[in-house]
Q: 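Dumping the structure here so I can ask a few things about it.
All chains are named by letter (A, B, ...) in the order of the sequence lines, taking the proteins before the strands, and each is independently numbered beginning at 1.
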Number of protein chains: 2
Amino acid sequence: MMSKTSKELLEQFRSQCKARGLSITPQRTAIYEALIGSQDHPRTEDIYNRVKTAFPDMSIDTVYRTLCLFAEIGFVHLVEGYGEAKRYDPDTECHHHFRCMRCGRILDFREPRFDALDVPERFKQNCAVSNIKVVLEGVCDHCLQKTVES
Amino acid sequence: MMSKTSKELLEQFRSQCKARGLSITPQRTAIYEALIGSQDHPRTEDIYNRVKTAFPDMSIDTVYRTLCLFAEIGFVHLVEGYGEAKRYDPDTECHHHFRCMRCGRILDFREPRFDALDVPERFKQNCAVSNIKVVLEGVCDHCLQKTVES
DNA sequence: TACTATATAAGAATGATTCTTGTTCAGCAA
DNA sequence: TTGCTGAACAAGAATCATTCTTATATAGTA
Ligand SMILES: [Mn+2]
Ligand SMILES: [Mn+2]
Ligand SMILES: [Zn+2]
Ligand SMILES: [Zn+2]
């Protein structure tokens, strides 16, 4: 199936907001557009930088608030990390990550085999497991290249 | 095999420090002991609280510095999270985590099937993958219990 | 168009972590 | 043992990410 056009995504954004009684403000729309236009895993400040060309006096607090809201309602996901600035994932379909421990780059990958790993019995019985993710760690191709060069 | 006694672990700590030219200070020793004596995933401040009974005027900066050092040299691991305070793992053997999204509790589990999942070809070829971890997310038994009660 | 609750901007406040600086001490050599 | 020296430390300032407070603006609606 073909992925949604950005026009379709925007329409979906508007109707989801409506359904939840959230105002559709120019700021929220701009932040949403910045998100869907990115294939990476931006920090709040990255999004802030992308929108402030069009909105020179947007407060960074608005970006923090809005991304937090978007994460709550599922427009974006929060990426697992190691205590630095939060990173968001505009791709909310099930997928997994490779994380470069040297430069912080996060690469996506889809691996259906990993989407439904069989969880230990004790979690099945006592906890409510809502999702599983596999995280690969190491050094990315870019960084390996740099190592060779020097 | 039997797991190491704390005396053996301490001896290992001392020789590892020596091998790396690191001074064996009372502060480092106390922090190391606090770590190996814990079965959870403490924050820097948790460790600080545990050692300050014996060292009332230890600076919290020393705990930050020391945990960071211990993570670099592999005495502890850093736990993946979502941007709150860093959490450390004194268990450096390969294992995986369940994370409660409600209370933040992190439960360990060992699942050899997960330790050597077959990584996508493109990472094998271009990146140096140093480890794989599976993260389960959901609501823990404690929190489910609370939900039922109220 | 007017009203009201919601959202925003600006800046202060907070929490975690790191940096700076002057002091102390662990490891080592005499 | 003693003395030296670089590494480690304590204290507090500084920084970074994030959240809170408050006064103002505005989206949705009558
Ligand atoms: Mn992703
Ligand atoms: Mn663990
Ligand atoms: Zn890299
Ligand atoms: Zn819980």
Q: Checking all strands, does B:Arg28 fall into the base, sugar-phosphate, or nothing category for heavy-atom contacts under 4.0 angstrom?
A: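 Counting heavy atoms under 4.0 Å across all strands, the contact made by B:Arg28 is with sugar-phosphate only.
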Q: List in chain and number order the residues that pass ring pair (Phe, Tyr, Trp, His ring centres under 6.0 Å) with A:His77, two or more places apart in sequence or in another chain; answer none if no residue qualifies.
A: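 Partners of A:His77 under the ring pair (Phe, Tyr, Trp, His ring centres under 6.0 Å) test: none.
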Q: Transitive ILVMFWY cluster of A:Ile106 at side-chain heavy atoms under 4.5 Å: who else is in it?
A: A:Val79
Q: When you measure from every atom of DNA chain C, which of residues 56-77 of chain B have a heavy atom less than 4.0 Å away?
A: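 Heavy-atom cutoff 4.0 Å gives B:Asp61, B:Tyr64.
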Q: According to salt bridge (charged side-chain N to carboxylate O under 4.0 Å, His left out), who are the partners of B:Asp61, at least two apart in sequence or on a separate chain?
A: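 B:Asp61: salt bridge (charged side-chain N to carboxylate O under 4.0 Å, His left out) contacts with B:Arg65.
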Q: Go through it in stages, so that I can follow the logic: the residues are A:Asp91 and A:His41, the test is side-chain hydrogen bond (donor to acceptor under 3.5 Å, both in side chains), and I'd like the CA-CA distance, side-chain angles, deciding distance and then a yes or no.
A: CA-CA 9 Å; A:Asp91 181 348; A:His41 301 86; over 6 Å; no
Q: With sequence neighbours excluded, what pairs up with B:His95 under the ring pair (Phe, Tyr, Trp, His ring centres under 6.0 Å) test?
A: B:His97
Q: By the rule that ILVMFWY residues connect when side-chain heavy atoms come within less than 4.5 angstrom, directly or transitively, which residues belong alongside A:Leu117?
A: A:Phe98, A:Leu107, A:Phe109, A:Phe114, A:Val119, A:Phe123, A:Val129, A:Ile132, A:Val134, A:Leu136, B:Phe98, B:Leu107, B:Phe109, B:Phe114, B:Leu117, B:Val119, B:Phe123, B:Val129, B:Ile132, B:Val134, B:Leu136
Q: Across nucleotides 24-30 of chain C, 5' to 3', mark each nucleotide with B, S or - according to how protein heavy atoms within less than 4.0 Å reach it.
A: --SS---
Q: To the nearest Å, how far apart are B:Glu84 CD and D:dC16 C1'?
A: 16 Å
Q: According to salt bridge (charged side-chain N to carboxylate O under 4.0 Å, His left out), who are the partners of B:Glu137, at least two apart in sequence or on a separate chain?
A: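 For B:Glu137 the salt bridge (charged side-chain N to carboxylate O under 4.0 Å, His left out) partners, ignoring immediate neighbours, are A:Lys133.
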Q: For the helix from C:dT1-D:dA30 to C:dA30-D:dT1, measure the angle between the helix axis at one end and the axis at the other, each built from five pairs, rounding to 10°.
A: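 Axis angle across the helix from C:dT1-D:dA30 to C:dA30-D:dT1, nearest 10°: 30°.
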Q: B:Ile31 has an atom CD1; how far is it from atom P of D:dA8, in whole Å?
A: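 Rounded to the whole Å, the gap is 13 Å.
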Q: Taking atom C1' of D:dA25 as reference, at what distance in whole Å does atom CZ of A:Phe55 sit?
A: 14 Å
Q: When Ile, Leu, Val, Met, Phe, Trp and Tyr are grouped by side-chain heavy atoms lying under 4.5 Å apart, directly or through other members, which residues fall in the same group as B:Val139?
A: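 Members besides B:Val139, by chain and number: B:Leu144.
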Q: Charged N to carboxylate O below 4.0 Å: is that the case for A:Asp40 and A:Arg50?
A: yes
Q: Side chain to side chain contact (heavy atoms under 4.5 Å, CB included) with A:Arg43: which residues, sequence neighbours excluded?
A: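 Counting only residues at least two positions away or on another chain, A:Arg43 forms a side chain to side chain contact (heavy atoms under 4.5 Å, CB included) with A:Asp46, A:Ala85, A:Arg87.
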Q: C:dA16 C1' sits how many Å from B:Asp46 CG, rounded?
A: 13 Å
Q: Measure CZ/A:Arg20 against P/C:dA7 and give the value in whole Å, please.
A: 13 Å
Q: Nearest-Å distance, OH (A:Tyr48) to C1' (C:dA10)?
A: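 It works out to 11 Å between those atoms.
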Q: I need the CZ-P distance between A:Arg14 and D:dA27, as an integer number of Å.
A: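 Those two atoms, CZ and P, are 11 Å apart.
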Q: Quick one: list whatever passes ring pair (Phe, Tyr, Trp, His ring centres under 6.0 Å) with B:Tyr82, sequence neighbours left out.
A: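 Testing B:Tyr82 for ring pair (Phe, Tyr, Trp, His ring centres under 6.0 Å), a comparison that skips the adjacent residues, returns none.
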